[in-house]
Trainee: 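One structure is given below, represented as structure tokens, and several questions about it will come after.
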Amino acid sequence: MAVGKNKRLTKGKKGTKKKIIDPYTRKEWYDVKAPAMFAVRNIGKTLVNKTQGKKLASDGLKGRVFEVSLADLQNDEVAFRKFRLISEDVQGKNLLTNFHGMDMTTDKLRSLVKKWQTMIEAVVDVKTTDGFLLRVSCIGFTKRQPNQIKKTAYAKSSQCKNIRKRMVEIITREVNQVDLKEVVNKLIPDSIGRDIEKKCQSIFPLHDVFIRKVKTLKKPKFDVSKLMELHGEGSATGTKVERSGAAAASAATGTFHEPAVQESV
């Protein structure tokens, strides 16, 4: 008999059914932790297959991207800004994330675009002091004056060019001189957008100026100590923790603390 023929001989009976196993029995849950810049640290849970042989669960978790609304991260009303967080390390059952990008919801962007005004956009690639290369997009709209009779508020192409140039200058200055943590702290209240609106008033009055999108193009080599510092755990080593007991300290940080030696029982 030729090799590879009569393949049915190697298989079992045709009528036998495969045993159904619940796939969730092979999985485990991990808590997703946001960096310390945000008010809400615990942003959700994620599933992954348990470690089997050389296939580690941590390898399946690293690199996952979570998109979270700023309203959920800060407990406020700004729901149109979305932050992208990428998982970089696993500590116990906690998944530590870092900033990966920012975007605006489609409905907010559509609501900004109106007739009788000029839309001005600027895109710039900026490098932070800690080696992150970010592509920052800004958007703004011309505004009618309070006592204006004319229906439209169109800007000349030369004015648009000057505004775009100033947008690029402000974004480069604000991002170039700080690290990623400070950039995120500026993006949360959108202080850069307000600064652009203020500085461009001399060229043409603007309104609805926002940092529309931030994308991480390149990042430096992964450093655990920097990530732990970003999560508020790296700088806290060696400091005295005033707790009611070791269990309370463990619950607060999510790590195991050995109880102190008692003088008397």
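Each residue takes its place number in the sequence, starting with 1. The analysis underlying the following values was restricted to heavy atoms, covering all of them including side chains, and did not include hydrogens, waters or symmetry mates.
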Trainee: Looking at Q148 and K150, would you say the former's side chain and the latter's main chain have a donor-acceptor pair under 3.5 Å?
Mentor: yes

Trainee: Quick one: does S87's side chain have a donor or acceptor within less than 3.5 Å of a partner on G63's backbone?
Mentor: yes

Trainee: State plainly whether one hydrophobic cluster holds both V168 and V123, where clusters connect Ile, Leu, Val, Met, Phe, Trp and Tyr through side-chain heavy atoms under 4.5 angstrom apart.
Mentor: no

Trainee: State plainly whether the residues R164 and E121 are in salt-bridge range, i.e. N to O under 4.0 Å.
Mentor: no

Trainee: Keeping the roles fixed (side chain from D89, backbone from L95), state whether a donor-acceptor pair exists under 3.5 Å.
Mentor: no

Trainee: Tell me which one of R144, Q117, K143 satisfies side-chain hydrogen bond (donor to acceptor under 3.5 Å, both in side chains) with H207.
Mentor: Q117

Trainee: For V90, does its backbone N or O pair with a side-chain atom of S58 as donor and acceptor, under 3.5 Å?
Mentor: no

Trainee: Search all heavy atoms of T128 against all heavy atoms of V178 and return the closest pair with its distance.
Mentor: CB-O, 3.5 Å

Trainee: Salt bridge or not between K181 and D130? Use side-chain N to carboxylate O under 4.0 Å.
Mentor: no

Trainee: Verify the ring-centre separation between F83 and F66: is it less than 6.0 angstrom?
Mentor: no

Trainee: Go through it in stages, so that I can follow the logic: the residues are T105 and R110, the test is side chain to side chain donor-acceptor pair (under 3.5 Å), and I'd like the CA-CA distance, side-chain angles, deciding distance and then a yes or no.
Mentor: CA-CA 9 Å; T105 56; R110 300 289 181 273; over 6 Å; no

Trainee: Over all heavy atoms of both residues, which pair between M167 and I120 is shortest? Give the atoms and the distance, please.
Mentor: CE-O, 4.0 Å

Trainee: Decide whether T97 and R84 meet the rule of one side-chain donor and one side-chain acceptor closer than 3.5 Å.
Mentor: no

Trainee: For the residue pair T46 / R64, report whether a side-chain donor-acceptor contact shorter than 3.5 Å exists.
Mentor: yes

